[in-house]
Amino acid sequence: MKEYFSIGKIPFEGKDSTNQFAFKYYNPDEIIDGKPMREHLKFALSWWHTMGGDGTDMFGCGTTDKTWAESDPEKRAIAKVDAAFELMDKLSIDYYCFHDRDLSPEYSSLAESNEKLEKVVAYLEQKQKETGKKLLWGTAKCFDHPRYMHGAGTSPSADVFAYAAAQIKKALEATVRLGGTGYVFWGGREGYETLLNTDMGLELDNMARLMKMAVEYGRSIGFTGDFYIEPKPKEPTKHQYDFDTATVLGFLRKYGLDKDFKMNIEANHATLAQHTFQHELNVARTNGVFGSIDANQGDVLLGWDTDQFPTNVYETTMCMFEVIKAGGFTNGGLNFDAKARRGSFTMEDIFLSYIAGMDAFALGFKAARKLIADGRIDSFIADRYASWKTGIGADIISGKADLAALEAYALSKGEVVDSLTSGRQEMLESIVNNVLFSL
Ligand code: XLS
Ligand code: CA
Ligand code: CA
């Protein structure tokens with residue numbers, strides 16, 4: 001078998017290692033709470049950035065060769081599979097995620113695209129059997145081709161809607177065949193540029209119709225995993241309908257889709273919506289729709305989707321804090337929807353950027369476990385809400401107290417400002433520092 005990368009398997013060497021091609025914190029086989037770290041973190045490789053992204057941006061062409069030494073598209077698609085499986089093996093990554101068109105490009109007709117895609121899927125199935133690698137989730141690229149310029153499920157054209165439905169049907173079949181435990185809807189161009197040309201009500205009804213069809217078809221062919229919506233507030237459209245988790249929740253509940261759909265939360269999309277990553281995870285968790293994560297980070301000084309590899313340990317810690325509180329991953333995982341910077345253009349940079357991201361999450365996981373075991377944050381929060389455990393608070397929660405009863409209570413109590421205690425934000429932030437830096 002041809003080797004695509006001259007770098008060998010990345011070993012775990014521990015925090016004192018200075019070997020750039022070694023993990024310092026991610027030890028895939030370290031047993032924590034009865035299972036190996038690789039199963040806690042469930043890292044996934046993103047096919048689009050890693051196997052296809054060549055550094056092309058709005059201002060310039062690619063800087064990295066991602067042709068995998070094949071000019072023929074069919075041969076290239078197969079070479080991509082081999083290169084991806086080599087990477088997953090060398091980086092100890094167990095999962096991958098794809099868009100249909102990352103696996104196999106669009107050909108001159110839908111029938112031909114489907115036929116060629118099937119060949120790649122068959123090859124993936126064989127490679128999975130040989131290696132034990134798995135599909136985390138699949139999706140359809142319904143935003144790239146010009147036909148989707150006004151959206152897919154929200155297109156003003158019913159023909160375009162039908163085309164997208166056909167593409168999603170095939171992508172679902174591929175996901176099921178490869179044993180994927182998730183299927184993602186990221187609303188590529190499902191949004192608007194101006195309300196002057198947009199029937200928002202019809203567009204949202206149609207988007208829900210498409211998702212309902214996907215659920216019905218998926219379940220009929222044996223898909224038992226989770227459907228996900230991946231919120232994002234803007235880019236490529238000015239206003240994306242799946243703005244953030246709270247907006248998506250309202251949509252899912254309105255259309256009765258909340259039993260089948262969970263969230264795929266991306267760090268960079270959270271910050272584009274002016275939320276922290278943790279906020280989005282917390283909203284998903286407390287509403288029972290936490291599903292999967294697209295692990296990356298944005299840049300606070302840039303207002304767009306930079307999809308950087310995550311290296312901010314504060315962020316990975318608070319992310320894993322939420323993941324642990326949600327009971328860990330079930331069908332989901334940590335998909336690196338991330339790309340090395342355009343200037344980090346060598347094949348080594350693929351390894352170095354994954355190592356950086358995986359180590360940042362391993363550190364975050366350990367720090368989050370320590371934060372929970374330390375208990376100071378949790379007990380502070382519990383104490384802060386202690387008034388809801390007994391007396392009038394318990395009466396409100398149990399439904400015993402009505403407005404009249406509360407009025408009588410407030411009148412008898414008089415001024416209550418003295419019942420408040422400090423929020424202690426600075427102290428709590430320093431506890432986080434204390435836990436993080438005494439690792
Ligand atoms: C783009 C999205 C996309 C989804 C999958 O911003 O992150 O890559 O994850 O369609
Ligand atoms: Ca994403
Ligand atoms: Ca992104």
What do you reckon, is NZ of Lys259 surrounded by more than 12 foreign heavy atoms closer than 6.0 Å? no
Atom NZ of Lys42: over 12 foreign heavy atoms under 6.0 Å: yes
Quick one, Trp137 and Cys97 - any side-chain contact, counting heavy atoms below 4.5 Å? yes
Using every non-hydrogen atom in the two residues, find where Gly364 and Thr316 come nearest and quote the distance to one decimal. CA-OG1, 3.5 Å
Quick one: does Thr131's side chain get under 4.5 Å of Asp89's, heavy atoms only? no
Where do Gly182 and Thr175 come nearest, in terms of heavy atoms and distance? O-CG2, 3.4 Å
Is there a donor-acceptor pair closer than 3.5 Å between any side-chain N or O of Asp359 and the backbone N or O of Tyr25? yes
Is a donor on one side and an acceptor on the other found under 3.5 Å between the side chain of Arg342 and the backbone of Gly55? yes
Do the side chain of Asp226 and the main chain of Tyr228 share a donor and acceptor less than 3.5 angstrom apart? no
Distance only, no hydrogens: is a donor on one side chain within 3.5 Å (strictly under) of an acceptor on the other, for Thr276 and Gln278? no
Stepwise side chain to side chain donor-acceptor pair (under 3.5 Å) test for Tyr192 and Asn197: CA-CA 9 Å; Tyr192 65 79; Asn197 64 14; over 6 Å; no
Go through Ile324 and Arg369 one step at a time and tell me if the side-chain contact (heavy atoms from CB on, under 4.5 Å) criterion holds. CA-CA 8 Å; Ile324 295 169; Arg369 291 183 77 252; 3.6 Å; yes
Cationic tip of Arg424 above Phe380 ring, under 6.0 Å, 45° of axis: no
Heavy atoms of Arg189 and Pro236 approach each other most closely as NH1-CB, 3.5 Å
Looking only at heavy atoms, which two atoms of Glu13 and Ser17 are closest? And how far apart? OE1-OG, 2.7 Å
Does a side-chain N-to-carboxylate-O contact under 4.0 Å join Asp82 and Lys127? yes
Between Glu266 and Lys232, does any side-chain N to carboxylate O distance fall below 4.0 Å? no
For the pair Lys170 and Glu173, find out whether any cationic side-chain nitrogen is under 4.0 Å from an anionic carboxylate oxygen. yes
Quick one: are Met320 and Ile372 in side-chain contact, heavy atoms under 4.5 Å? no
Quick one: does His99's side chain have a donor or acceptor within less than 3.5 Å of a partner on Arg101's backbone? no
Taking Asn27 for the side chain and Phe12 for the main chain, is one N or O donor matched with an acceptor at less than 3.5 Å? no
Any side-chain donor-acceptor pair under 3.5 Å between Thr154 and Glu190? yes
Short side-chain to backbone donor-acceptor contact, Lys80 and Ser104, under 3.5 Å: no
Distance in Å, Leu252 CG paired with Leu249 CG, rounded so as to fall on 0.5 Å steps: 6.5 Å
Donor-acceptor contact present, side-chain Lys24 to main-chain Ala22, <3.5 Å: yes
Measuring centre to centre across the rings, with the benzene-like ring taken for any Trp, is Phe5 within less than 6.0 Å of Phe351? yes
How long is the span from the NE2 atom in His279 to the CE atom in Met318, to the nearest 0.5 Å? 14.5 Å
Evaluate whether atom NZ of Lys35 has more than 12 neighbouring non-hydrogen atoms of other residues, nucleotides or ligands under 6.0 angstrom away. yes
By the definition side chain to side chain contact (heavy atoms under 4.5 Å, CB included), identify the one residue from Arg209, Glu203, Met211 that meets it with Met207. Met211
Quick check: do Val81 and Val120 have side-chain heavy atoms less than 4.5 Å from each other? yes
Mind checking whether Leu178 and Val121 have side chains closer than 4.5 Å, heavy atoms only? yes
Distance (rounded to the nearest 0.5 Å) between Phe290 CZ and Lys325 NZ: 14.0 Å
Lys134 and Asp94 ion-paired at < 4.0 Å: no
Heavy atoms only: give me the nearest Thr306-Asp299 pair and the separation to one decimal. OG1-N, 3.7 Å
Side chains of Asn296 and Asp307: is there a donor and an acceptor less than 3.5 Å apart? yes
Any idea which heavy atoms bring Ala295 and Ala338 closest together, and the distance? O-CB, 4.0 Å
Give the intermediate values and the outcome of side chain to side chain donor-acceptor pair (under 3.5 Å) for residues Asn312 and Gln297. CA-CA 8 Å; Asn312 182 327; Gln297 69 187 28; 5.1 Å; no
Ring centres under 6.0 Å, that's the criterion: do Phe251 and Tyr255 meet it? yes
Looking only at side chains, do Thr56 and Asp54 share a donor and an acceptor under 3.5 Å apart? yes
Expected output: side-chain Lys141 to main-chain Gly188 donor-acceptor under 3.5 Å: no
His49 NE2 to Asp102 CG distance, which is reported to the nearest 0.5 Å: 9.5 Å
State, with a plain yes or no, whether a side-chain heavy atom of Phe85 is found less than 4.5 Å away from one of Gln128. yes
Chi angles and distances behind the side-chain contact (heavy atoms from CB on, under 4.5 Å) call for Leu103, Leu117: CA-CA 7 Å; Leu103 297 180; Leu117 175 64; 4.0 Å; yes
Rounded at 0.5 Å granularity, tell me how far CG in Asp305 sits from CG in Leu272. 5.5 Å
Please verify the inter-ring angle class for Phe261 with Phe227; under 30° counts as parallel, over 60° as perpendicular, anything in between as tilted. tilted
Nearest 0.5 angstrom please: Glu230 CD to Asn335 CG, how far? 8.5 Å
Residues Cys142, Ile168; criterion side-chain contact (heavy atoms from CB on, under 4.5 Å); working and verdict: CA-CA 8 Å; Cys142 295; Ile168 289 166; 4.2 Å; yes
Side-chain donor or acceptor of Thr64 paired with backbone N/O of Phe345 under 3.5 Å: yes
Short side-chain to backbone donor-acceptor contact, Trp388 and Ala386, under 3.5 Å: no
Would the Tyr354 and Phe309 ring centres measure less than 6.0 Å apart? yes
Would you check if Arg177 and Leu124 make a side-chain contact, meaning some heavy-atom pair closer than 4.5 Å? no
Of Trp48, Phe185, Trp186, which is the lone residue that meets ring pair (Phe, Tyr, Trp, His ring centres under 6.0 Å) with Phe143? Trp186
Passes side-chain contact (heavy atoms from CB on, under 4.5 Å), Leu195 versus His239? Steps please. CA-CA 10 Å; Leu195 286 173; His239 177 91; over 6 Å; no
Test side chain to side chain donor-acceptor pair (under 3.5 Å) applied to Thr245 and Glu280, step by step: CA-CA 6 Å; Thr245 303; Glu280 286 293 84; 2.9 Å; yes
Criterion ring pair (Phe, Tyr, Trp, His ring centres under 6.0 Å) against Trp47, the qualifying member of Phe98, Tyr96, Phe336: Tyr96
